[in-house]
Protein chains: 2
Amino acid sequence: MGERQEETVRVMADAASSGSRLRADARRNVEQIRSAAIGAFQGRGLTVPLEEVAKAAGVSKATIFNRFGGRIGLIEAVIEELVANELFAVIRHTRTLDDIGERITYYLTAIRDLQYRQPAVNDVLLQTFPHSQQLMEICRAGNEANEELIAAARASGALRPEFTAGDLHALVVDNALALKHGTRPPRDDYDRRTRYLLDGIRGHSSASG
Amino acid sequence: MGERQEETVRVMADAASSGSRLRADARRNVEQIRSAAIGAFQGRGLTVPLEEVAKAAGVSKATIFNRFGGRIGLIEAVIEELVANELFAVIRHTRTLDDIGERITYYLTAIRDLQYRQPAVNDVLLQTFPHSQQLMEICRAGNEANEELIAAARASGALRPEFTAGDLHALVVDNALALKHGTRPPRDDYDRRTRYLLDGIRGHSSASG
DNA sequence: GGTAAGCTGACCCGACGAGTCAAATTGCGA
DNA sequence: TCGCAATTTGACTCGTCGGGTCAGCTTACC
């Protein structure tokens, strides 16, 4: 067991550095599995059976365990590319907006867009894998962005005064649950409902637009 | 199997009529199981393990099968008392309201209240047991009420014009999913969020109140 | 060509809850 | 009180699901 563990660690380190002591076929499989995982996670979220990822990669399930140590290792090997980059980009871009009303609109719209396009995001937000430190960290960053936004918004009156960070969190989490367990609505319905939400939480003071 | 079936039918008929050919202990168990089921379904929804219902009733799981034929039989023996009465009362009361704005407010608030208080409602709305004709019928009645309400509301401008019956349906179903799979928020948070929803879907014409 | 790295099919595992049944119990009529 | 049919029940099977493992085969590499 110690041996397998070491091997896994080595692979995951290699994902960052480039010097590899892996055999050529193993290196190839790592890449095939990574890209198959990205595809599968995009389509069906982080809980897709590993068997399916393996099939898509043209390897056996056991190879995923050999190379990544299990689901969490695999997730951590692709989560940045799959979710974190986009999510952080949204957060970053939100911060650049001057008008607080715009910020709120953009943030909620963009997050909901991500949730719709990337089911994996929902698994992160729902903390489906609490054992992954990396996933929890992404989640934490999201919550932080939430609270930052709400603090700014409440001060400015762009949101109704009783609206809390918990409310925003619930909005996002409930949507994650709906997308995860329900049937996906057509995109235009989904976007329309995003607008209802926004109109329901905005303060009454801002009569602009 | 034919025998067991007949027996089950007899019990379920007895729930309506009163003449019983059941032995005294069986009759007592039927009542204990019914009331345990109501308690369990109230607390944990219609998917609670039958084992738990049995334990609460002080009988073994097999007795539930003897008396009710299985989960669906049991559900149908209590669903009226548990859900249908309240749900139909809400629908009926909605129809008595004159002001269309009030109707919408009342309906959505009351449905969401039911969903919060009675997890069983969510299992009905989510059609968790599509094999139960009775449950499907309740569900159908709910959808009908939805559509009736939306038709009236759109004509009057109390809702924003782009709001559809599908939107209302999604609102209710998404909430059902959130309650079923997520953590219940405190009641006051939940009610506050109900208000956000209402404010998000109302038409801009009604400036009353 | 030898050897260690790597791959894989076939396997086991645990969790879960529905549903079943032979055997024990018990209500009840005679 | 007896005897039997009705009833209950503990212990069982079943099916599903996916994670995880390993012996033995294959293959890259020196």
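Chain A is the first sequence line, chain B the second, and so forth, proteins listed ahead of strands; every chain is numbered from 1. Heavy atoms only: backbone and side chains are in, while hydrogens, waters and symmetry mates are out.
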- Message: With heavy-atom distances below 4.5 Å as the criterion, would you say the side chains of B/Val59 and B/Arg67 are in contact?
- Response: no

- Counting side-chain heavy atoms from CB outward, which of D/dT8, C/dT8, C/dC7 is closest to A/Ala26? C/dC7

- Examine C/dC7: is either OP1 or OP2 under 4.0 Å from a nitrogen or oxygen in the side chain of A/Ser60? Give yes or no. no

- Should B/Arg193 and B/Asp188 count as an ion pair when the cut-off is N to O under 4.0 Å? no

- Task: Examine the base of D/dG20 for any acceptor or donor lying under 3.5 Å from a partner atom in the side chain of A/Lys61, and report the outcome as yes or no.
- Result: yes

- Query: With respect to the phosphate group of C/dG6, does any side-chain polar atom (N or O) of A/Asn29 fall under 4.0 Å of OP1 or OP2?
  - Reply: no

- Item | Enclosure of A/Glu80 CD (heavy-atom neighbours >12, cutoff 6.0 Å) | no

- Message: Taking A/Asp191 first and then A/Arg187, would you say they form a salt bridge - that is, a charged N and a carboxylate O separated by under 4.0 Å?
- Response: yes

- Interface with DNA chain C, restricted to residues 43-52 of chain B and to heavy atoms under 4.0 Å: B/Pro49, B/Leu50

- Message: Are more than 12 heavy atoms, taken from residues, nucleotides or ligands other than B/Glu148, located less than 6.0 Å from that residue's CD atom?
- Response: yes

- Note on the structure: Per-nucleotide protein contact along nucleotides 23-30 of chain D, 5' to 3', at a 4.0 Å heavy-atom cut-off (B base, S sugar-phosphate only, - neither), is ----BSS-

- Could you check A/Lys55 against A/Glu52 for salt bridge (charged side-chain N to carboxylate O under 4.0 Å, His left out), going step by step and ending with a plain yes or no? CA-CA 5 Å; A/Lys55 192 184 298 183; A/Glu52 264 178 54; over 6 Å; no

- Query: Atom CZ of B/Arg67 to atom P of C/dG19: distance rounded to whole Å?
  - Reply: 17 Å

- Between A/Arg140 and A/Glu137, does at least one N-O distance fall below 4.0 Å, as a salt bridge requires? yes

- Message: Less than 4.5 Å apart, side chain to side chain, heavy atoms only: is that true for A/Thr128 and A/Leu46?
- Response: no

- Quick one: B/Ile64 CD1 to D/dT7 P, roughly how many Å, whole number? 17 Å

- Minimum-distance nucleotide (side-chain atoms of A/Ala62 versus C/dC7, D/dT8, D/dC22): D/dC22

- Which nucleotide, D/dT8, C/dT20, D/dT21, lies nearest any side-chain atom of B/Phe65? C/dT20

- Give me the ring orientation class for A/His93 and A/Tyr106: parallel if the planes are under 30° apart, tilted from 30 to 60°, perpendicular past 60°. perpendicular

- Rounded to the nearest Å, what distance is computed from the CG atom of residue B/Asn66 to the C1' atom of nucleotide C/dT25? 14 Å

